[in-house]
Amino acid sequence: MFAAACATDGKTAGWLPESYGFLRIHKVNNYYAMAEYQVVWPNAALWRGYYNAGDDGLKWSGWHPIATATPPQEFDLPLLDGWYTNDRAQYRKTQEGLVVVNAILELSEGYSASDSTQIAGLPEGFRPATPFMYPVSVQDGSTRASAIVQIGTNGTIIYYGASNTTATFRIYLNAAFFAAS
């Protein structure tokens, strides 16, 4: 196995960047080669392509745009009445369509949570194609326990667990799923 940097005028022909890495693997009597290219071209967008050679012939993937290292925009999670946060309650969607929900949710004084209590809702474009259940950590006063939070296809975020017994009730939620297309 080895890596090398090469230069070519293929960029002007529209099929290769000016330099790229190359990886070659030799296995028994067969040769397999693959090179992956990453280039900021055209219009300062990041693109990726690969070349693969094996027993079945040569293949070029063509250029495909890939996600950049730009962090996705975060939004405040729309909480229902009775819920608030002193820390965070946010969601975001990556360029690949992965939705991430991170929240420390607290119950307001005078409110209670019991099995099947809705906490929040996600807008369209940030909802899963199928419902997901996530284990969560719950703090009820000084007692810690486990529970489940379901994120439904309609965007509802529902708590499934024991009813709270104190004024200090927190749910620690970390969830990730791919958004419905």
Side-chain angles (χ1 to χ4, degrees), residues 21 23 34 36-50 52 61-181:
L23 172 68
M34 181 185 175
E36 184 174 295
Y37 315 92
Q38 290 188 16
V39 62
V40 178
W41 167 75
N43 303 326
L46 187 61
W47 295 74
R48 173 180 288 164
Y50 70 89
N52 187 22
S61 71
W63 291 110
H64 300 283
I66 60 172
T68 64
T70 305
Q73 182 178 358
E74 291 187 336
F75 302 95
D76 289 334
L77 187 64
L79 302 176
L80 270 58
D81 286 343
W83 294 95
Y84 72 97
T85 185
N86 279 329
D87 193 356
R88 66 175 177 206
Q90 297 174 327
Y91 65 98
R92 62 189 175 276
K93 182 166 64 172
T94 68
Q95 293 170 338
E96 295 85 7
L98 181 69
V99 176
V100 178
V101 180
N102 291 313
I104 299 175
L105 306 164
E106 299 186 46
L107 198 56
S108 300
E109 190 172 330
Y111 287 86
S112 63
S114 58
D115 194 53
S116 303
T117 298
Q118 185 174 346
I119 301 167
L122 290 169
E124 285 189 45
F126 294 87
R127 298 173 179 173
T130 58
F132 283 98
M133 302 288 259
Y134 295 94
V136 294
S137 178
V138 176
Q139 183 173 346
D140 192 1
S142 61
T143 303
R144 291 184 178 89
S146 297
I148 297 289
V149 167
Q150 179 184 33
I151 300 179
T153 57
N154 60 357
T156 57
I157 300 177
I158 300 173
Y159 164 76
Y160 291 102
S163 298
N164 70 302
T165 58
T166 68
T168 307
F169 184 76
R170 290 188 186 108
I171 298 174
Y172 300 89
L173 171 63
N174 292 298
F177 55 88
F178 283 100
S181 52

Enquirer: Has Gln118 got a side-chain atom pairing as donor or acceptor with Ala120's backbone, closer than 3.5 angstrom?
Expert: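 Checking the backbone N and O of Ala120 against the side chain of Gln118, a donor-acceptor pair under 3.5 Å is found.
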Enquirer: With sequence neighbours excluded, give me every salt bridge (Lys or Arg N to Asp or Glu O under 4.0 Å) pair touching residues 157-166.
Expert: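 Qualifying pairs: none.
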Enquirer: When rounded to the nearest 0.5 angstrom, what distance separates OH in Tyr84 from CD1 in Ile104?
Expert: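 The OH atom of Tyr84 sits 12.0 Å away from the CD1 atom of Ile104.
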Enquirer: Suppose we screen for side-chain hydrogen bond (donor to acceptor under 3.5 Å, both in side chains). Which residues come up paired with Arg92, at least two apart in sequence or across chains?
Expert: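 Residues passing side-chain hydrogen bond (donor to acceptor under 3.5 Å, both in side chains) with Arg92: Glu74.
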Enquirer: Is it true that a side-chain atom of Asp115 and a backbone atom of Ala162 form a donor plus acceptor pair closer than 3.5 Å?
Expert: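 No; zero donor-acceptor contacts below 3.5 Å.
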Enquirer: List the residues meeting side-chain hydrogen bond (donor to acceptor under 3.5 Å, both in side chains) with Tyr134, not counting sequence neighbours, and say none if there are none.
Expert: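 Per chain and number, Tyr134 pairs via side-chain hydrogen bond (donor to acceptor under 3.5 Å, both in side chains) with no residue.
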Enquirer: Is a donor on one side and an acceptor on the other found under 3.5 Å between the side chain of Thr168 and the backbone of Gly141?
Expert: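 No, Thr168 side chain to Gly141 backbone: no donor-acceptor pair under 3.5 Å.
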Enquirer: For Gly125 and Lys93, work out which heavy atoms get closest and say how close.
Expert: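 Scanning both residues, the minimum pair turns out to be O-NZ, 2.8 Å.
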Enquirer: If you take all heavy atoms of Ala147 and Gly161, which pair is closest and at what distance?
Expert: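 Taking Ala147 first and Gly161 second, the nearest heavy atoms are CB-CA, 4.1 Å.
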Enquirer: Can you tell me which residue pairs pass the salt bridge (Lys or Arg N to Asp or Glu O under 4.0 Å) test with a partner in residues 97-106, sequence neighbours excluded?
Expert: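 Pairs touching residues 97-106 that pass the test: Glu106-Arg170.
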Enquirer: How long is the span from the CG atom in Leu80 to the CG atom in Leu105, to the nearest 0.5 Å?
Expert: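 Taking CG in Leu80 and CG in Leu105, the distance rounds to 11.0 Å.
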Enquirer: What salt bridge (Lys or Arg N to Asp or Glu O under 4.0 Å) pairs are there with at least one residue in residues 172-181, not counting sequence neighbours?
Expert: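 Every candidate salt bridge (Lys or Arg N to Asp or Glu O under 4.0 Å) pair involving residues 172-181 fails, so no pair, neighbours aside, qualifies.
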Enquirer: Could you list the donor-acceptor pairs under 3.5 angstrom formed between side-chain atoms of residues 172-179 and any protein atom two or more places apart in sequence or on another chain?
Expert:
residue: Tyr172; atom: OH; partner: Gln139; partner atom: OE1; Å: 3.1

Enquirer: Tell me the ring pair (Phe, Tyr, Trp, His ring centres under 6.0 Å) pairs involving residues 101-125, sequence neighbours left out?
Expert: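 Qualifying pairs, neighbours excluded: none.
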Enquirer: What residues, two or more places apart in sequence or in another chain, satisfy salt bridge (Lys or Arg N to Asp or Glu O under 4.0 Å) together with Arg127?
Expert: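 So Arg127 forms no salt bridge (Lys or Arg N to Asp or Glu O under 4.0 Å) with any residue.
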Enquirer: Give every residue pair that meets the salt bridge (Lys or Arg N to Asp or Glu O under 4.0 Å) criterion with at least one member in residues 75-89, sequence neighbours excluded.
Expert: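 Listed once each, the pairs would be none.
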Enquirer: How many angstroms lie between atom OG1 of Thr166 and atom CG of Leu107, to the nearest 0.5 angstrom?
Expert: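 Thr166 OG1 to Leu107 CG: 9.0 Å, rounded to 0.5 Å.
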Enquirer: Quick one, Pro78 and Tyr91 - any side-chain contact, counting heavy atoms below 4.5 Å?
Expert: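 Pro78 reaches Tyr91 side chain to side chain.
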Enquirer: Quick one: side-chain hydrogen bond (donor to acceptor under 3.5 Å, both in side chains) partners of Thr156, sequence neighbours excluded?
Expert: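 So Thr156 forms a side-chain hydrogen bond (donor to acceptor under 3.5 Å, both in side chains) with Asn154.
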Enquirer: By side-chain hydrogen bond (donor to acceptor under 3.5 Å, both in side chains), which residues pair with Thr165, not counting sequence neighbours?
Expert: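 For Thr165 the side-chain hydrogen bond (donor to acceptor under 3.5 Å, both in side chains) partners, ignoring immediate neighbours, are Asp140.
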Enquirer: Kindly indicate whether the side chain of Leu122, heavy atoms from C-beta on, has any atom under 4.5 Å from the side chain of Leu77.
Expert: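 SC-SC contact between Leu122 and Leu77 confirmed.
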Enquirer: Supply the atom-to-atom distance Trp83 CH2 to Ile157 CD1, rounded to the nearest 0.5 angstrom.
Expert: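 Taking CH2 in Trp83 and CD1 in Ile157, the distance rounds to 11.0 Å.
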Enquirer: Using ring-ring contact (aromatic ring centres under 6.0 Å, His included) as the criterion, list what pairs up with Phe169, not counting sequence neighbours.
Expert: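 Applying ring-ring contact (aromatic ring centres under 6.0 Å, His included) to Phe169 gives Tyr159.
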